[in-house]
> 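After the structure tokens below, expect a handful of questions from me.
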Amino acid sequence: MTQSDVAKPFGGVSGSGLLPWLVAAARLPFRHEAQAFAQRRAIEAHPLWSSPSDNGGLPVLLVGGMGSSPALMAPMQGLFERLGCRVAVAPVRFGIGCGEETARSVEDALRDLVETAAAPAVVIAHSRGGQFARAVAVRRPELVRGLVTLGSPLTRMLAVHPLLLAHVTVLGAAGAAGVPGLLRPGCRWGTCCARLRADLTGPFPATVPFLSVYSRTDRIVDWHSSCDPAARHHEVVTSHGGLIWDPASLTVIAEELAALAVPSAAGARSAPRHRPLAA
């Protein structure tokens, strides 16, 4: 872990050293994040749900982040299916494994969906899942109709809350000790994920529309790290978990899907203009 990974605590605290890190650690995110679960039903009362548009079977691949499961992604999957999309969920195995291995699993799931649908897919990825998704878009741009990331740490891999960082450290130690299916310290510094790290910082294909949705009230991921220079940026006000089921976030995604569903070759590569990144 480099100092830059912990030297930018959330909520406007700036500086370096131990004190800002402790200040950030004291801002426990769990109560804030728990509020997001109450929003899972809110979308069913929203016009997106009651008056859905038809995106003509547009293939969509959902990619979860750390702690994700198909059940967690189910509300988003249900909404996009109502919006006329053909939806699959990538198997990320709770997002706690080796980054490169998980990225390959996402690539396999994307290839299968594209072959079944006979059309490139839109990839929508939350949190750490955005790292896997960006890498796959770089490697296989012909499979990707568009990429949407939600609260993903893209410019700094470990730009997360100190308590989550401690959790990642424990998982890495367990992985190094031989526990199967877990990330390892080599994922951050070693050769196993060298390609993933390169794909996160390298050029992004100009043919793939890329939208990064973030929230300054995110208590899990530092929102600055979501502002990939290759992406368009759109700010919403919600929690980290809320990015996958808050109507504010889902409305932005629905607009992006509607634009990408345009059948013409030119329209398929177009996307709505979103608000630029605020200072």
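Note that these values count all heavy atoms, side chains included, but never hydrogens, waters or copies made by symmetry.
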> Considering only heavy atoms from C-beta outward, does the side chain of L72 approach that of I244 to under 4.5 Å?
yes
> Just jot down the side chain to side chain contact (heavy atoms under 4.5 Å, CB included) partners of T155, sequence neighbours excluded, or say none.
S225, P229
> Which distance, rounded to the nearest 0.5 Å, do you find between the OH of Y214 and the CG of L243?
11.5 Å
> For D108, what residues pass the side-chain hydrogen bond (donor to acceptor under 3.5 Å, both in side chains) criterion, not counting sequence neighbours?
R111
> Going by side chain to side chain contact (heavy atoms under 4.5 Å, CB included), name the residues that satisfy it together with V136, two or more places apart in sequence or in a different chain.
V106, E107, L110
> Does P205 have any side chain to side chain contact (heavy atoms under 4.5 Å, CB included) partners at least two apart in sequence or in another chain, and if so, which?
V138, P141, T207, V208
> May I ask you to decide if S152's main-chain N or O and Q131's side chain share a donor-acceptor pair within less than 3.5 Å?
no
> Can you name the residues that form a side chain to side chain contact (heavy atoms under 4.5 Å, CB included) with A231, not counting sequence neighbours?
F210, S212, D228, H233
> Going by the rule side-chain hydrogen bond (donor to acceptor under 3.5 Å, both in side chains), which residues pair with R86 if we only count those two or more places apart in sequence or in a different chain?
none
> Enumerate the ring pair (Phe, Tyr, Trp, His ring centres under 6.0 Å) contacts for residues 57-81, please, sequence neighbours excluded, ordered by first and then second residue.
none
> Who passes salt bridge (Lys or Arg N to Asp or Glu O under 4.0 Å) against R139, sequence neighbours left out?
E100, D199
> Output the distance between atom CD (E256) and atom CZ (R232), rounded to the nearest 0.5 Å.
4.5 Å
> Less than 4.5 Å apart, side chain to side chain, heavy atoms only: is that true for V92 and R128?
no
> Mind checking the CG-OG1 spacing from L48 to T251? Nearest 0.5 Å is all I need.
4.5 Å
> Should H46 and L79 count as side-chain neighbours, where that means a heavy-atom distance under 4.5 Å?
no
> Between L154 and S226, what is the shortest heavy-atom contact and its length?
CD1-O, 3.9 Å
> Are the side chains of L83 and S53 in touch, meaning some heavy atoms are under 4.5 Å apart?
yes
> Roughly how far, to the nearest 0.5 Å, is CD of Q77 from CD1 of I124?
11.0 Å
> Measuring from H126:NE2 to M73:CE, what's the distance to the nearest 0.5 Å?
7.5 Å
> Ignoring hydrogens, what is the shortest heavy-atom contact between N55 and A258? Give both atom names and the distance.
OD1-CA, 3.4 Å
> Partners of S215 by side-chain hydrogen bond (donor to acceptor under 3.5 Å, both in side chains), sequence neighbours excluded?
T217
> Considering residues at least two apart in sequence or located in another chain, which fulfil the side-chain hydrogen bond (donor to acceptor under 3.5 Å, both in side chains) criterion with S127?
H240
> With no hydrogens and no angle check, is any side-chain donor or acceptor of D54 less than 3.5 Å from a backbone partner on G56?
yes
